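Notes follow the structure.
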Amino acid sequence: MSNTTTPAPAATPAGRGHDSPARPAAAVSFRARRRSPGMAALAAALISAGGMGGFLAWQETGQRTAVLAVAREVAPGDVIEDADLVDAAVSLDPALAPLRAGDRGDVVGKRAAVALTPGALLSQGHVTDRALVAEGQQLVGIGLKASQLPATRLSSGDAVVVVFTPPDSAQATGGKDAQAAEPRTVAARVVRVGESEGSAGAVTVDVAVTAAEGPGLAAQAASGRVALVVDAGGRP
């Protein structure tokens, strides 16, 4: 018989069977994360606020109305052209009553009742279909220096009185009789006030007068011997 020694089987670590799967060298443990009630409430509040903000933004834009605004400056009495207007989308205040964008066709061709400035919303009181000069009237332009009219700003529609002033020679030679003479006057209505020109502040004022007074007033205005007085009645 041969003396053959059978090698002993390798020792198995304690607690591990032959059929047990291998474990990682380092075991990682996980712990369930606890959510703070305060953080959860804050998150819910933020989500709610974001949703409300989106709703308000949608509501704000959804309630805008297309209205008419002024695109170019228009002087009182001038005819309003299509290029003078622009559509604008605004959120209307109950106190405002601007003309709607759909009224553009009715506005074009009418006259500006007041001075229209770019960016302003157009309302019914800003336009008129009244002619510059009524039947039986004439339009006369009067060139005036700053000393020939009040410092108060004139507006279209103001009732004024045009006073004929005597020449300087008449005042120098006429004595007391010339000073006591009642000056001639013409009642008029302001149609348009031009822009001031030059350092003297000269301005041209268009006035409507009766057809009988028109020629005489035009001749007197050409001489420069006129002055403008605002009537106490304001607008006729």
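This is a predicted model, so every value here is computed, not measured.
- Panel note: side chain Gln124, backbone Leu99; no donor-acceptor pair is recorded below 3.5 Å.
- When side chains are defined from C-beta on, Val203 counts as touching Val193, because their heavy atoms get closer than 4.5 Å.
- A donor-acceptor pair under 3.5 Å links the side-chain atoms of Gln148 to the main chain of Val226, judged by distance alone.
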With side chain to side chain contact (heavy atoms under 4.5 Å, CB included) as the test, would you mind laying out the steps for Arg189 and Gln137 before giving the verdict? CA-CA 10 Å; Arg189 174 178 56 85; Gln137 291 185 333; 3.6 Å; yes
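- Side-chain contact between Arg225 and Pro166 is absent, with no heavy atoms from C-beta onward closer than 4.5 Å.
- Smallest separation of non-hydrogen atoms from Val190 and Val207: CA-CG1, 4.4 Å.
- One finds the CG atom of Asp84 at 10.0 Å from the CG atom of Leu122 (value rounded to the nearest 0.5 Å).
- Side-chain contact between His126 and Leu116: present, with at least one pair of heavy atoms (C-beta onward) separated by less than 4.5 Å.
- Here the closest non-hydrogen pair linking Val140 and Gly214 is CG2-O, 3.9 Å.
- Leu149 and Val163 fall into different hydrophobic clusters, where Ile, Leu, Val, Met, Phe, Trp and Tyr side chains are chained together by heavy-atom contacts under 4.5 Å.
- Checked for salt-bridge contact, Glu81 and Lys110 miss the test: no charged N lies under 4.0 Å from a carboxylate O.
- Within the 4.5 Å cutoff, side-chain heavy atoms of Ile142 are placed close to those of Leu217.
- Residues Val229 and Val160 are not in side-chain contact: their nearest non-hydrogen atoms beyond the backbone lie 4.5 Å or more apart.
- Here the shortest heavy-atom pairing between Pro98 and Leu121 reads CB-CB, 4.2 Å.
- Annotation: side chain of Val127 is in contact with side chain of Ile80 (closest heavy-atom distance under 4.5 Å).
- In summary, Asp78 and Arg111 do not engage in a salt bridge, as defined by a charged side-chain N under 4.0 Å from a carboxylate O.
- In this structure, Val107 and Leu85 have side chains that are in contact, with non-hydrogen atoms separated by less than 4.5 Å.
- With values rounded to the nearest 0.5 angstrom, Leu154 atom CG is found 6.0 Å from Leu228 atom CG.
- Val209 and Ala187 get closest at one heavy-atom pair: CG1-O, 3.7 Å.
- Separation of atoms OG1 (Thr117) and CZ (Arg72) is listed at 14.5 Å; rounding is to 0.5 Å.
- Taking all atoms of both residues into account, the shortest heavy-atom contact from Pro215 to Gln138 is CD-OE1, 3.5 Å.
- Between Gly125 and Ala113, the closest heavy-atom pair is O-CB, 3.7 Å.
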